[in-house]
Protein chains: 2
Amino acid sequence: MKGEAVYKRTYNRLIDYLNELKIGDPLDSENVLKSKLNASRTTIRKVLRDLELKKLISIASTKKILCRRPKAKDSFPRAETLSNAARIEKKFLEWMLRADPKSGDIINELELARQFGVSTSGIREFLNRFSRFKLIERRPNSGWCFQGFTEDFALELFEVRELFEMRSAAAFATLPDDAVAWKELKALEADHKILLRNIKKDFHDFSDIDERFHQLINNASMNRFIVDFYDLISLIFHYHYQWNKVDERKRNRAAILEHLEYIEALFSRDPMRIEFACRKHFISARNTLVSSIKEQLTVS
Amino acid sequence: MKGEAVYKRTYNRLIDYLNELKIGDPLDSENVLKSKLNASRTTIRKVLRDLELKKLISIASTKKILCRRPKAKDSFPRAETLSNAARIEKKFLEWMLRADPKSGDIINELELARQFGVSTSGIREFLNRFSRFKLIERRPNSGWCFQGFTEDFALELFEVRELFEMRSAAAFATLPDDAVAWKELKALEADHKILLRNIKKDFHDFSDIDERFHQLINNASMNRFIVDFYDLISLIFHYHYQWNKVDERKRNRAAILEHLEYIEALFSRDPMRIEFACRKHFISARNTLVSSIKEQLTVS
DNA sequence: ATTTGTATTTTTGCATATAAAAAACAGTTT
DNA sequence: AAACTGTTTTTTATATGCAAAAATACAAAT
């Protein structure tokens, strides 16, 4: 009744591990595997036994050796390695995109459970965790009320985002010269330039690079609350990118240019320049988000 | 299996309602009672039937009338009107104060469930909700790891708190003259002055007035994320006030004076004065918190 | 000292069961 | 027909059950 996601995940990891070996090579001890694969010895042992049954390895009391190269189909499908909780999260986000619930809509645990084919307790636990994003609100003894991704929501989100990132960017500028963050920023700058050259076909890749960039800056704050808040931003952007396709290439190109200016400002370590570039970027990012919300509202 | 907290709470509320009536008066209809007492009609009906059995009221198909005045012992004890979830929260906070878990300590659901005399699912749901405060962290397939109320934690908390409140205070200053917040601020100012006069005996009341004051300011931000963050601040202060008793009167007196200066600055609507007073208050508040954490560390 | 075999105990993750509460439905009465 | 009450259906809050995974223990082997 617990699902076997951990077992399958560990199994796949062990296969990946075997792929690094040559036939005849000995495997690490159970305890070493345990820490390498991040599972309990109990699970490791179960996997090892099953791999022996499949003649992938041979276990002779003291030494385990690889017998044949694993094939692709020796692994479990990735979907089966997801925990129930992860699966529910995925389904819920997909459902949100499809059903596009509006402010005031009520969601009910039983209905979602039926729709997703999982138990109510799973749904309940997920909604409880998800509520930290303030997109849903519990009504005691009744259901959950959808708060809607409204213009107000976006503006409040951006207010905090800007507040946090201005602070983080300032902190970034004071990092010591040998901090790894500078190297990562250099690498990101290069990636931005490459993407800018290939913008015609690769403009979709921006969302990824955008997240990496802002996350890098926010991490410089060394503040768990600021870093944590970026989870919400990521979620919203992931969600929002799904429906705002108009002018995407043009918008992304403009954003890359802003990022490059922002990066240059960071390298200059000049607080005024940083503040200026950061604020400029946020103004256009906010406008993009807000206008796409308004569009969405007129569509539906 | 659901507990009868809602029933008992509604029962008590209905008793309170009856206390407003004279013997022989008719009660409102079920639907009116439903909205007055904030419960479903189902629950209202159950309570009404039970009150009839106890001869407090008489129900004649169409009209319900009060038969005798309710006595104090007709109500249920307040403790029984708490939901299971609320009870667990209370117990957990008490437990935290007593056990004073340190960074790295592991808490386990089963153990807490046994200790609190509730089911593991109740504990699990609570811990899930509580984790938003970042004081505990889930270890998948293992327990929960206590993060500890360390100096770092306090500093990060204060960084965000200051960032938010500076913003809120600035927003407060731009509220229109007729906003209720100004009246509430006036009232709070008076309360501060009264408390200052009676500081010798009433210094304990400061914690309450402190929360009201900062909450009022933060509400002016009109930002759900900023307002929400104050839940964490409240929790931490409630928790922290329990063990830092040294110099409490002196500290509170100083804080009241800072508040009064801060309030005056708000009334002046001068951004510079506000920023100055706000920052000054936070510096001493942070020092108080940090030094009491250090003290706590040396004690244990 | 590190590994493994084996057995046992504990704890987690998830599903299910059930009483309480809410919501929906259907008559009545005014 | 609007407001009220009686009845039935649906949903939530919580406890319980159980398989999977983790943790523990210890002797035997290298």
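Basis for what follows: all heavy atoms, side chains included, without hydrogens, waters or symmetry-related copies.
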Peer 1: Measure up the B:Phe149 and B:Phe153 rings against each other and bin them: parallel (under 30°), tilted (30 to 60°), perpendicular (over 60°).
Peer 2: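 Taking B:Phe153 first and then B:Phe149, their aromatic rings stand perpendicular (interplane angle over 60°).
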Peer 1: If you find the nucleotide of DNA chain C closest to B:Leu110 and the one closest to A:Ala85, which residue's nucleotide is nearer the 5' end?
Peer 2: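 On the 5' side of the pair lies B:Leu110.
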Peer 1: So what does A:Arg114 hit on the nucleic acid, given a heavy-atom distance under 4.0 Å: a base, only sugar-phosphate, or nothing?
Peer 2: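 Sugar-phosphate, backbone atoms only, no base.
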Peer 1: Between atom CZ in B:Arg49 and atom P in D:dT5, what is the gap in whole Å?
Peer 2: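 Nearest whole value for this atom pair: 12 Å.
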Peer 1: Write down the protein N/O and nucleotide N/O pairs, taken from nucleotides 24-27 of chain C, whose separation is under 3.5 Å; answer none if there are no such pairs.
Peer 2:
none

Peer 1: Can you check the A:Glu125 CD to D:dT12 C1' distance for me, whole Å?
Peer 2: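 Taking atom C1' of D:dT12 as the reference, CD of A:Glu125 is at 16 Å.
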Peer 1: B:Glu52 and B:Ser58: which non-hydrogen atoms are nearest, and at how many Å?
Peer 2: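 Heavy atoms only, the tightest pair is CG-CA, 4.4 Å.
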Peer 1: In whole angstrom, give the distance that lies between atom CG of A:Leu112 and atom P of D:dT10.
Peer 2: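 Atom CG in A:Leu112 sits about 17 Å away from atom P in D:dT10.
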Peer 1: Hey, can you pull the residues of residues 136-146 of chain B with a non-hydrogen atom under 4.0 angstrom from DNA chain D?
Peer 2: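 Under 4.0 Å from DNA chain D: B:Asn141, B:Ser142.
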Peer 1: So, do A:Phe164 and A:Phe225 have ring centers that fall under 6.0 Å from each other?
Peer 2: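 No, they do not, as the ring centres are separated by 6.0 Å or more.
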Peer 1: Give a yes/no answer on whether the side chain of B:Thr43 brings an N or O atom under 4.0 Å of OP1 or OP2 in C:dA22.
Peer 2: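 So the side-chain polar atoms of B:Thr43 do come within 4.0 Å of the phosphate oxygens OP1 or OP2 of C:dA22, strictly under.
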Peer 1: Considering only nitrogen or oxygen atoms on both sides, find all protein atoms under 3.5 Å from nucleotides 28-30 of chain D and state each distance.
Peer 2:
none

Peer 1: Does D:dA13 have OP1 or OP2 sitting under 4.0 Å from an N or O in the side chain of B:Asn84?
Peer 2: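 Negative; the distance criterion is not met.
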Peer 1: Write down the distance between CD1 (A:Ile65) and C1' (C:dT4), rounded to a whole number of angstrom.
Peer 2: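 From A:Ile65 CD1 to C:dT4 C1': 17 Å.
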Peer 1: Can you measure from CD1 (B:Ile233) to CG (B:Leu157) and round to the nearest 0.5 angstrom?
Peer 2: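 Here the interatomic distance stands at 4.5 Å.
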Peer 1: May I ask you to verify if any side-chain N or O of A:Lys8 is less than 4.0 angstrom from the OP1 or OP2 atom of D:dA20?
Peer 2: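 No, A:Lys8 has no side-chain N/O under 4.0 Å of OP1/OP2 on D:dA20.
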Peer 1: Distance only, no hydrogens: is a donor on one side chain within 3.5 Å (strictly under) of an acceptor on the other, for B:His214 and B:Asn218?
Peer 2: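 No, no side-chain donor-acceptor contact under 3.5 Å.
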Peer 1: Could you give the NZ-to-C1' distance, from B:Lys46 to D:dT7, as a whole number of Å?
Peer 2: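 Taking atom C1' of D:dT7 as the reference, NZ of B:Lys46 is at 17 Å.
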Peer 1: Calculate the interatomic distance between A:Glu109 atom CD and C:dA22 atom P; express it in whole Å.
Peer 2: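 From A:Glu109 CD to C:dA22 P: 14 Å.
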Peer 1: Answer yes or no: does atom CE of B:Met222 have more than 12 heavy-atom neighbours from other residues, nucleotides or ligands under 6.0 Å?
Peer 2: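 It does not: B:Met222 CE has 12 such atoms or fewer within range.
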Peer 1: Would you mind classifying the nucleic acid contact of B:Glu111 as base, sugar-phosphate or nothing, using non-hydrogen atoms under 4.0 angstrom?
Peer 2: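 B:Glu111: no heavy atom of the nucleic acid under 4.0 Å.
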Peer 1: Need one value for A:Gly122: base, sugar-phosphate or nothing, where a base atom within 4.0 Å counts as base even if backbone is also close, heavy atoms only.
Peer 2: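 The residue A:Gly122 makes no contact with any strand.
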Peer 1: For the pair A:Arg41 (side chain) and A:Asn31 (backbone), establish whether a donor and an acceptor sit closer than 3.5 Å, ignoring hydrogens and angles.
Peer 2: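 Flag not set: sc A:Arg41 to bb A:Asn31 has no pair under 3.5 Å.
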Peer 1: What's the closest nucleotide to the A:Lys2 side chain, out of D:dA23, D:dA21, C:dT16?
Peer 2: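 Nearest to the side-chain atoms of A:Lys2, counting from C-beta on, is D:dA21.
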Peer 1: 5'-most contact on DNA chain C: B:Ile107 or A:Gly117, nearest heavy atom basis?
Peer 2: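 The residue whose closest nucleotide sits nearer the 5' end is B:Ile107.
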Peer 1: What donor-acceptor contacts under 3.5 angstrom involve side-chain atoms of residues 5-14 of chain B, with partners at least two apart or in another chain?
Peer 2:
| residue | atom | partner | partner atom | Å |
| --- | --- | --- | --- | --- |
| B:Tyr7 | OH | B:Asp50 | OD2 | 2.4 |
| B:Lys8 | NZ | B:Glu80 | OE1 | 2.7 |
| B:Arg9 | NH1 | B:Thr81 | O | 2.8 |
| B:Thr10 | OG1 | B:Val6 | O | 2.7 |
| B:Tyr11 | OH | B:Lys54 | NZ | 3.3 |
| B:Asn12 | OD1 | B:Phe76 | N | 2.8 |
| B:Asn12 | ND2 | B:Phe76 | O | 3.0 |
| B:Arg13 | NH1 | B:Leu37 | O | 2.9 |

Peer 1: Could you walk me through whether B:Ile57 and B:Ile59 pass the side chain to side chain contact (heavy atoms under 4.5 Å, CB included) test, one step at a time?
Peer 2: CA-CA 7 Å; B:Ile57 61 173; B:Ile59 303 178; 4.1 Å; yes
Peer 1: Applying the ring-ring contact (aromatic ring centres under 6.0 Å, His included) test to A:Phe126, which of A:Trp144, A:Phe92, A:Trp95 qualifies?
Peer 2: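 In the set A:Trp144, A:Phe92, A:Trp95, the residue that makes a ring-ring contact (aromatic ring centres under 6.0 Å, His included) with A:Phe126 is A:Phe92.
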Peer 1: Would one find a side-chain N or O of B:Arg124 under 4.0 angstrom from OP1 or OP2 of C:dG13?
Peer 2: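 Yes.
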Peer 1: Okay, side chain of A:Ser221, backbone of A:Ile226: is any donor-acceptor separation there less than 3.5 Å?
Peer 2: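 Checked: no pair found.
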Peer 1: So which heavy atom on B:Leu127 is nearest to which on B:Glu109, and how close?
Peer 2: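 Answer, listing the atom of B:Leu127 first, then B:Glu109: CD1-CG, 4.1 Å.
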Peer 1: Could you work out which one of C:dT11, D:dG17, D:dA23 sits closest to the side chain of A:Ser40?
Peer 2: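 The answer is D:dA23.
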Peer 1: Before giving the answer on salt bridge (charged side-chain N to carboxylate O under 4.0 Å, His left out), spell out for A:Arg68 and A:Asp74 the whole-Å C-alpha distance, their side-chain angles and the decisive distance to 0.1 Å.
Peer 2: CA-CA 11 Å; A:Arg68 70 162 171 84; A:Asp74 283 320; 3.1 Å; yes
Peer 1: I need the CE-C1' distance between A:Met1 and C:dA15, as an integer number of Å.
Peer 2: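 About 5 Å, once rounded to whole Å.
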Peer 1: Minimum heavy-atom separation for B:Ile293 and B:Ala154, please, with both atom names.
Peer 2: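 That closest heavy-atom pairing would be CD1-CB, 3.4 Å.
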Peer 1: Measure CG/B:Leu127 against C1'/C:dG13 and give the value in whole Å, please.
Peer 2: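 The answer, rounded to whole Å, is 14 Å.
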Peer 1: Which listed nucleotide (D:dT16, C:dA21, C:dT12) is nearest to the side chain of B:Ser121?
Peer 2: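 Nearest nucleotide to the side chain: D:dT16.
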Peer 1: Quick one: do the A:Ser234 and A:Glu211 side chains pair a donor with an acceptor below 3.5 Å?
Peer 2: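 The criterion, which ignores hydrogens and geometry beyond distance, is satisfied for A:Glu211 and A:Ser234.
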Peer 1: Give me the residues of residues 22-32 of chain B where at least one heavy atom lies under 4.0 Å from an atom of DNA chain D, by number, or none.
Peer 2: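 DNA chain D contact set from residues 22-32 of chain B: B:Ser29, B:Glu30, B:Asn31.
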Peer 1: If we count only N and O atoms by modelled type, under 3.5 Å, do the side chains of A:Tyr230 and A:Asn219 hold a donor and an acceptor together?
Peer 2: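 No, because no side-chain N or O of A:Tyr230 sits under 3.5 Å from a partner of the opposite role on A:Asn219.
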Peer 1: What class does the angle between the rings of B:Phe133 and B:Phe130 fall in, given that below 30° is parallel, 30 to 60° is tilted and above 60° is perpendicular?
Peer 2: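 Answer is perpendicular, since the angle exceeds 60°.
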Peer 1: Within the distance-only criterion (no hydrogens, no angle test), does the side chain of A:Asn108 pair as donor or acceptor with the backbone N or O of A:Gly143 below 3.5 angstrom?
Peer 2: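 Checking the backbone N and O of A:Gly143 against the side chain of A:Asn108, no donor-acceptor pair under 3.5 Å is found.
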Peer 1: Using a 3.5 Å limit on both pairing distances, list the dot-bracket string of DNA chain C from the 5' end; Watson-Crick and G-U wobble pairs count, crossing pairs take [ ], interstrand pairs take |.
Peer 2: ||||||||||||||||||||||||||||||
